[in-house]
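Notes to accompany the following structure.
For ligands, and for the atoms within them, numbers begin at 1 and follow the listed sequence. For the single chain, residues carry numbers from 1 onward in sequence order. As the structure is a prediction and not an experimental result, all values here were calculated from the model.
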Amino acid sequence: MDFELDKELLFLKEMVRDLVQEKVVPRAAEIDRTDEFPWDIKEDLAEHEILAMPFPEEYGGTGGKVLPMVIVVEEIAKVSCSVSMIPGAQCLGSAAIVLAGTKEQKQRFLPSLASGEKLCAYALTEPNAGSDVGGIQSFAVREGNDYVLNGTKRFISFGNIADILTVFAKVIDQNTGEKKLSCFVVEKGEGLVVRNLEHKMGVKGTPTAELFFDNMRVPAEDLLGAEGDGFKIAMQVLDKTRAEVAAQALGLAQGALDVAVQYARDRVQFGNPIGKFQAIQFKLADMEMKTQASRYLTYVAADKYDRKAHDRGKYTAMAKAFTSDTAMEVTTEAIQVLGGYGYSEEYPVERMFRDAKIQQIYEGTNEIQRIVIARSLLGRGF
Ligand code: COS
């Protein structure tokens, strides 16, 4: 398909570019340095309805399509991957409600997320269950009209600042002992303890929390789908949101390439701008080829998702893996083009390099993406 963006998407891209220039460019390095969540920028994103993008119009959103979201996330990530994670996390945290919630559940939870009044987070990962979702140990037991939830979640982006979480835990049947992985909407409150915040290599200013559920009572009406639907809901969420991780990585690659090109024009060595040397030209050409290929794959994956194509999960996995591998390569090469300056905080490429690494890890490591892709070729049983 042709990826000349239509007028509406181009308008959106320009609106975001202007917003980013005004609000994010002056803050990007500082957010990295202070490692503080930029509440003011979160307000700007809400005001410009960027936080409303993951939601259908009937719940206060702007439509919930993935392709426009990808365009926006890419544009922000060119300057600050950390800021691009604000709409990213809002989408990831709420996706289970959007995909599996009843009308009543959506009505209760989505409007305050769409307005940006509340933030949400996706609580899947545990200390002993990362790639292996089936290994989740958090559990819930039905008591009257509630479930009582216990367990520990780790590496939860925005877990400490989220008002609403989608939490995965195994419901234990008191009679049979059977365990069914299930998904709950959990509102911050008694029984939820933030135990620890990670000190990370990159994406500074995006808090990553360890959460402890200590006999937390969750109303039975806040179960999403049926008991036992948790695994499928988790996978369906990731099929969607991996397109946004691809967009973050794409923004990082493009941002680093832009800096490298400018530097190659300006930096003079041996009496010439270094862009005159083929050693530099070949690097820039490879960076451009890989970034453009990533862009097409990411847009195709997002469009397939929006059209509900049967192979959308494979495409979002391919986009996520390919684009994050590209971001790692391109940011590494950008540092090489800039030499000593690239390694210095004076230029943003060292930050982009640190921010790129997590793209190969979260929302499923790139090894997991390759399993998803290979299984789509080989069929079930592999
Ligand atoms: N959509 C809907 N259903 C899916 C699905 C998808 N994308 N992928 C798998 N399923 C279903 C399967 O059809 C199967 O259903 P039945 O039990 O009814 O047959 C069930 O889920 C189990 O699937 P499978 O056997 O493939 O599960 P595995 O344990 O082998 O796990 C992987 C598959 C590894 C792909 C999965 O665990 C995964 O994606 N892990 C990574 C998790 C992750 O990304 N973590 C990062 C943290 S989130 S920020």
Side-chain angles (χ1 to χ4, degrees), residues 54 66 73 81 84-96 98-100 120-138 151-159 162 165-170 178-183 198 200 203 206-211 224-249 301 304-305 308-321 324 357-382:
V66 174
V73 167
C81 184
S84 80
M85 281 177 66
I86 302 175
Q90 197 75 335
C91 183
L92 175 65
S94 63
V98 172
L99 291 167
C120 62
Y122 184 67
L124 180 73
T125 299
E126 300 192 349
N128 296 313
S131 298
D132 181 9
V133 172
I136 281 177
Q137 291 169 333
S138 292
T152 303
K153 295 286 170 183
R154 193 144 185 213
F155 302 127
I156 307 306
S157 296
F158 298 3
L165 298 113
T166 41
V167 179
F168 293 80
K170 287 179 177 166
E178 194 188 355
K179 294 178 180 171
K180 294 176 178 169
L181 187 59
S182 306
C183 181
E198 302 293 337
K200 309 190 298 289
V203 288
T206 68
T208 308
E210 183 176 73
L211 305 176
L224 285 176
E227 289 179 5
D229 284 353
F231 195 95
K232 281 187 185 163
I233 294 174
M235 293 301 115
Q236 285 166 357
V237 166
L238 295 168
D239 282 347
K240 177 180 186 184
T241 57
R242 282 169 182 158
E244 280 149 34
V245 177
Q248 285 170 20
K304 272 184 180 274
Y305 190 88
K308 297 187 173 33
H310 72 95
D311 55 357
R312 59 191 182 278
K314 175 174 82 169
Y315 270 81
T316 56
M318 292 199 298
K320 192 272 187 193
S324 57
K357 186 61 210 169
I358 191 61
Q359 312 300 324
Q360 295 179 304
I361 298 169
Y362 62 13
E363 293 191 39
T365 61
N366 282 1
E367 290 72 21
I368 287 290
Q369 310 308 320
R370 286 175 169 86
I371 291 174
V372 171
I373 298 159
R375 283 184 181 178
S376 79
L377 299 171
L378 295 164
R380 298 203 67 164
F382 285 88

Go through the steps for Thr241 and Glu363 under the test side-chain hydrogen bond (donor to acceptor under 3.5 Å, both in side chains), then give the verdict.
CA-CA 8 Å; Thr241 57; Glu363 293 191 39; 2.7 Å; yes
Applying side chain to side chain donor-acceptor pair (under 3.5 Å) to Lys179 and not counting sequence neighbours gives none
The test is side-chain hydrogen bond (donor to acceptor under 3.5 Å, both in side chains); show your working for Glu126 and Ser138 and say whether it passes.
CA-CA 8 Å; Glu126 300 192 349; Ser138 292; 2.6 Å; yes
Set of ring pair (Phe, Tyr, Trp, His ring centres under 6.0 Å) partners for Tyr305, sequence neighbours left out:
none
Going by side chain to side chain donor-acceptor pair (under 3.5 Å), name the pairs with one or both residues in residues 373-382, residues two or more places apart or in two chains.
none
Quick one, list the residues around ligand 1 where some non-hydrogen atom comes in under 4.0 Å, by chain and residue number.
Tyr122, Leu124, Thr125, Gly130, Ser131, Val133, Phe231, Lys232, Met235, Gln236, Leu238, Asp239, Arg242, Glu363, Gly364, Ile368, Val372, Arg375, Arg380
Are Lys320 and Glu244 within salt-bridge range, i.e. N to O under 4.0 Å?
no
